[in-house]
Amino acid sequence: MREKFITFDVGTNFDDGILEFIKENDKEKRIKTLYGKAKDDGLSGGRNFMMESGFLLENLGGYVAKCKEAGVEFNYLINPLCMGQRETDPETASELRNVIHNIYDMGVRQFTVNSPLLVRYLKSTFKDVWVTLGLYAYPTTLQQVNLWVNWGVDEITLDLSFNRDFLLLEKLLTMYKDSGVSFRLIANNLCVKDCMLRLSHGNFVSHSSDKGLVMDYCLVNCTRNKIENPALFISSDWIRPEDIHYYEELCEKTGNYNFSIKLVDRTKSVEFIKRVMTAYLNRSYDGNLIDILNWNERKKMTDLKGRMPFKGAMNMNPDIMRLYGRVMCNPEIMIDNKKLDGFIEHFVNGSNCTDKICDTVALKCGSGCAENCGYCNAWAKKAVSYNQAEVDDWLKCATNLSLLLESGEFSGNPAVHMFKRAELKMKTNVSV
């Protein structure tokens with residue numbers, strides 16, 4: 001008999017404590033998969049190289065065996081938005097395939113990719129491999145989903161725009177009820193709703209995953225947008241632990257249970273990953289919602305203040321890198337999770353955001369916008385709080401950092417090092 005509850009895919013930093021937690025706390029076997037990537041595999045991925053765990057490929061076989069012992073599968077990530085033509089370049093294509101075969105020989109039978117070529121290669125070469133389409137493929141419509149299904153993927157990570165569009169989800173699950181194709185949503189991301197920078201950011205992350213670039217302009221500006229407009233914290237397409245049952249009810253209604261929830265982020269601490277698993281397994285979280293969302297871990301990022309934040313940044317202006325470290329230490333934002341009880345029902349009952357503009361953003365183009373929507377803004381006033389002085393100080397730093405990046409003046413080359421320490425201190429009013 002098919003189990004009628006949603007399962008979870010969880011990012012791992014390869015710490016054994018995660019597997020021990022699953023053994024002790026997931027008695028109903030709701031965590032079906034752990035996903036991750038070795039730092040030294042030479043393959044592009046979906047996270048900046050500097051943020052990856054230090055896990056080495058030579059240890060993968062042992063970890064896959066531990067996963068099986070714990071009753072979970074392991075899904076290996078080769079999931080950049082762009083691979084720089086490495087799939088087809090004569091000098092790199094064979095090397096790429098050799099690494100994939102090596103990973104397969106270590107016991108991996110699930111892969112997450114976005115490259116159409118790699119989908120076909122994996123499915124034609126290995127008869128027992130499960131292929132998941134990653135988020136960076138950005139399937140936003142039923143038509144795009146159908147094209148990927150026809151292309152041969154086994155599972156699709158749906159675009160975040162699906163998360164709160166229950167009518168579209170119902171159509172999707174009904175259409176593919178008997179197809180064997182699985183679908184999943186990411187529950188705890190904190191991207192700006194319909195962010196215009198997502199393709200640029202995906203490309204940046206894809207190439208920094210193997211080159212170690214660290215000046216993440218898109219992240220700085222998306223974070224600044226949310227802190228300037230708190231409603232964007234609410235309109236971001238997260239799914240609260242308390243609201244998982246609505247998605248289970250949709251599976252029940254359509255009779256399609258090939259559906260799961262992906263929990264991020266694999267670059268976080270063990271404590272964070274355990275906290276996220278606990279919240280979603282228990283269907284409840286008391287406290288600050290942001291503590292289980294993909295947001296900078298404050299204690300970790302505080303260490304970056306006032307020093308060079310990343311090794312390998314020798315070609316960067318050291319003063320600007322210190323400022324970057326300061327900006328990566330986000331101000332403390334409180335989103336009272338229990339004050340959001342009832343928020344999702346607006347969407348469950350048929351409303352969606354496809355033809356709306358968040359009012360805090362619409363004001364920038366004129367206050368008379370007919371498509372203005374204030375729903376999330378009203379909830380933000382109810383649930384979001386912060387220290388205004390701390391936010392103002394952070395925004396000053398983030399704004400100046402954006403201007404420096406936009407001007408191209410982040411090089412460490414003395415010939416273009418135009419901003420001295422004293423000038424930066426005067427501009428940002430922080431110690432650099």
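- For the residue pair Asn203/Tyr136, the side-chain donor-acceptor check at 3.5 Å is not satisfied.
- Using a cut-off of 4.0 Å between Lys/Arg side-chain N and Asp/Glu carboxylate O, Asp336 and Lys382 are scored as not salt-bridged.
- Side-chain contact between Lys226 and Pro230 is absent, with no heavy-atom pair separated by less than 4.5 Å.
- Cation-pi check for Arg266 over Tyr35 is not met; the charged atom does not lie both under 6.0 angstrom from the ring centroid and within 45 degrees of its normal.
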Legend entry - Test side chain to side chain donor-acceptor pair (under 3.5 Å) applied to Ser182 and Glu155, step by step: CA-CA 4 Å; Ser182 294; Glu155 181 177 53; 4.9 Å; no
Inset, instruction - Begin with the C-alpha distance, continue with both residues' side-chain angles, and end with the deciding distance and a verdict on salt bridge (Lys or Arg N to Asp or Glu O under 4.0 Å) for Arg240 and Glu345. - result: CA-CA 12 Å; Arg240 298 165 67 228; Glu345 293 174 7; over 6 Å; no
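- No more than 12 heavy atoms of other residues, nucleotides or ligands sit less than 6.0 Å from atom OH of Tyr386.
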Inset, instruction - Just do the salt bridge (Lys or Arg N to Asp or Glu O under 4.0 Å) check on Glu73 and Lys32 with the steps written out, would you? - result: CA-CA 6 Å; Glu73 298 294 327; Lys32 68 168 186 175; over 6 Å; no
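- When the shell of 6.0 Å around CD of Gln388 is examined, it contains more than 12 heavy atoms from other residues, nucleotides or ligands.
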Inset, instruction - Start with the C-alpha gap between Asn75 and Thr112, add the side-chain angles, then the distance that decides, and say whether side chain to side chain donor-acceptor pair (under 3.5 Å) holds. - result: CA-CA 7 Å; Asn75 191 312; Thr112 295; 2.8 Å; yes
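- In this structure, Lys66 does not pair ionically with Glu69, as no charged nitrogen and carboxylate oxygen lie closer than 4.0 Å.
- Distance check: Cys376 SG to Asn229 CG gives 12.5 Å after rounding to the nearest 0.5 Å.
- Figure legend: cation-pi geometry between Arg97 and Tyr121, with NZ or CZ positioned under 6.0 Å from the six-membered ring centre and within 45° of its axis.
- By the 4.0 Å N-to-carboxylate-O rule, Glu242 lies too far from Arg283 to be salt-bridged with it.
- Residues Val129 and Lys123 share a closest heavy-atom pair of O-NZ, 3.1 Å.
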Inset, instruction - Go through the steps for Phe233 and Trp295 under the test ring-ring contact (aromatic ring centres under 6.0 Å, His included), then give the verdict. - result: CA-CA 11 Å; Phe233 282 107; Trp295 184 250; 5.4 Å; yes
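- The two residues Ile22 and Ala70 have their closest heavy-atom pair at CG2-O, 4.4 Å.
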Inset, instruction - Give the C-alpha distance, both sets of side-chain angles, the deciding distance and a yes or no for side chain to side chain donor-acceptor pair (under 3.5 Å) between Thr254 and Asn256. - result: CA-CA 5 Å; Thr254 61; Asn256 188 346; 5.4 Å; no
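- Contact annotation: the side chain of Ile261 approaches that of Ile244 to within less than 4.5 Å [non-hydrogen atoms, C-beta and beyond].
- Counting heavy atoms from C-beta outward, Phe14 and Asn59 have side chains that stay 4.5 Å or more apart.
- Trp151 carries Arg120 over the face of its six-membered ring, with the cationic atom under 6.0 Å from the centre and within 45° of the normal.
- In this structure a side-chain-to-backbone donor-acceptor pair under 3.5 Å is present from Tyr324 to Asp216.
- Judged purely by atom type and a 3.5 angstrom limit, Trp394 uses its side chain to pair as donor or acceptor with the backbone of Val327.
- Heavy-atom minimum distance, Gly107 versus Lys68: O-NZ, 3.9 Å.
- Remark: Tyr247 OH to Ser260 OG distance equals 13.5 Å, nearest 0.5 Å.
- Within the model, atoms CG of Leu169 and CZ of Phe259 stand 5.5 Å from one another, a figure rounded to the nearest 0.5 Å.
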Inset, instruction - Kindly indicate, with the supporting measurements, whether the criterion side chain to side chain contact (heavy atoms under 4.5 Å, CB included) is fulfilled by Gln110 and Asp154. - result: CA-CA 10 Å; Gln110 294 189 17; Asp154 300 294; over 6 Å; no
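- Between Asp9 and Lys262 there is no salt bridge, since no side-chain nitrogen of the basic residue lies less than 4.0 Å from a carboxylate oxygen of the acidic one.
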Legend entry - Audit row: Ser236, Asn189, side chain to side chain contact (heavy atoms under 4.5 Å, CB included) steps and yes/no: CA-CA 8 Å; Ser236 178; Asn189 226 339; 5.9 Å; no
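- If you look at Tyr375 and Phe343, their ring centroids are closer than 6.0 Å.
- For Asn288 (side chain) and Ile335 (main-chain N/O), a donor-acceptor pair under 3.5 Å exists by modelled atom type.
- The existence of a salt bridge linking Asp159 and Arg198 is confirmed by a sub-4.0 Å separation between a basic side-chain nitrogen and an acidic carboxylate oxygen.
- Side chains of Tyr176 and Asn258 form no contact here, defined as non-hydrogen atoms less than 4.5 Å apart.
- Within the 4.5 Å cutoff, no side-chain heavy atoms of Lys338 are placed close to those of Tyr285.
- Cation-pi geometry between Arg30 and Phe8 is not satisfied (NZ or CZ under 6.0 Å from the ring centre, within 45° of the ring normal).
- Contact detail for Leu133 and Thr157: the closest heavy-atom pair is O-OG1, 2.8 Å.
- Leu57 and Ile103 make their closest contact through CD1-CG1, 4.0 Å (heavy atoms, listed as atom of the first residue, atom of the second, distance).
- Side-chain atoms of Thr140 and Gln144 include a donor-acceptor pair closer than 3.5 Å.
- Aromatic ring centres of Phe162 and Phe183 lie farther apart than the 6.0 Å criterion allows.
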Legend entry - Steps toward side chain to side chain contact (heavy atoms under 4.5 Å, CB included) verdict (Ile234, Leu340): CA-CA 9 Å; Ile234 305 301; Leu340 292 169; 4.2 Å; yes
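- Rounding to the nearest 0.5 Å gives a distance of 7.5 Å between CG of Asn25 and CG of Leu281.
- Remark: Leu185 CG to Asn163 CG distance equals 4.5 Å, nearest 0.5 Å.
- In this structure, Lys193 pairs ionically with Asp237, as a charged nitrogen and a carboxylate oxygen lie closer than 4.0 Å.
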Inset, instruction - Tell me, with the steps shown, if Val72 and Leu34 meet side chain to side chain contact (heavy atoms under 4.5 Å, CB included). - result: CA-CA 7 Å; Val72 296; Leu34 292 178; 4.3 Å; yes
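- A heavy-atom distance below 4.5 Å is not found between the side chains of Val10 and Val276.
- Closest approach of Ala93 to Glu87, counting heavy atoms only: CB-O, 3.3 Å.
- Inter-residue side-chain proximity for Asn79 and Phe111 is flagged as unmet; no heavy-atom pair is nearer than 4.5 Å.
- Residues Ile6 and Tyr257 have side chains not in contact (no heavy-atom distance under 4.5 Å, counting atoms from C-beta outward).
- For Lys381, the NZ atom counts as loosely surrounded, since its 6.0 Å shell holds 12 or fewer non-hydrogen atoms of other residues, nucleotides or ligands.
- Checked for salt-bridge contact, Asp41 and Lys37 meet the test: a charged N lies under 4.0 Å from a carboxylate O.
- Side-chain N or O atoms of Asn13 include none that pairs as donor or acceptor with a backbone N or O of Thr267 at under 3.5 Å.
- Between Arg164 atom CZ and Ser235 atom OG the span is 7.0 Å, to the nearest 0.5 Å.
- A distance of 6.0 Å or more separates the ring centres of His201 and Tyr217.
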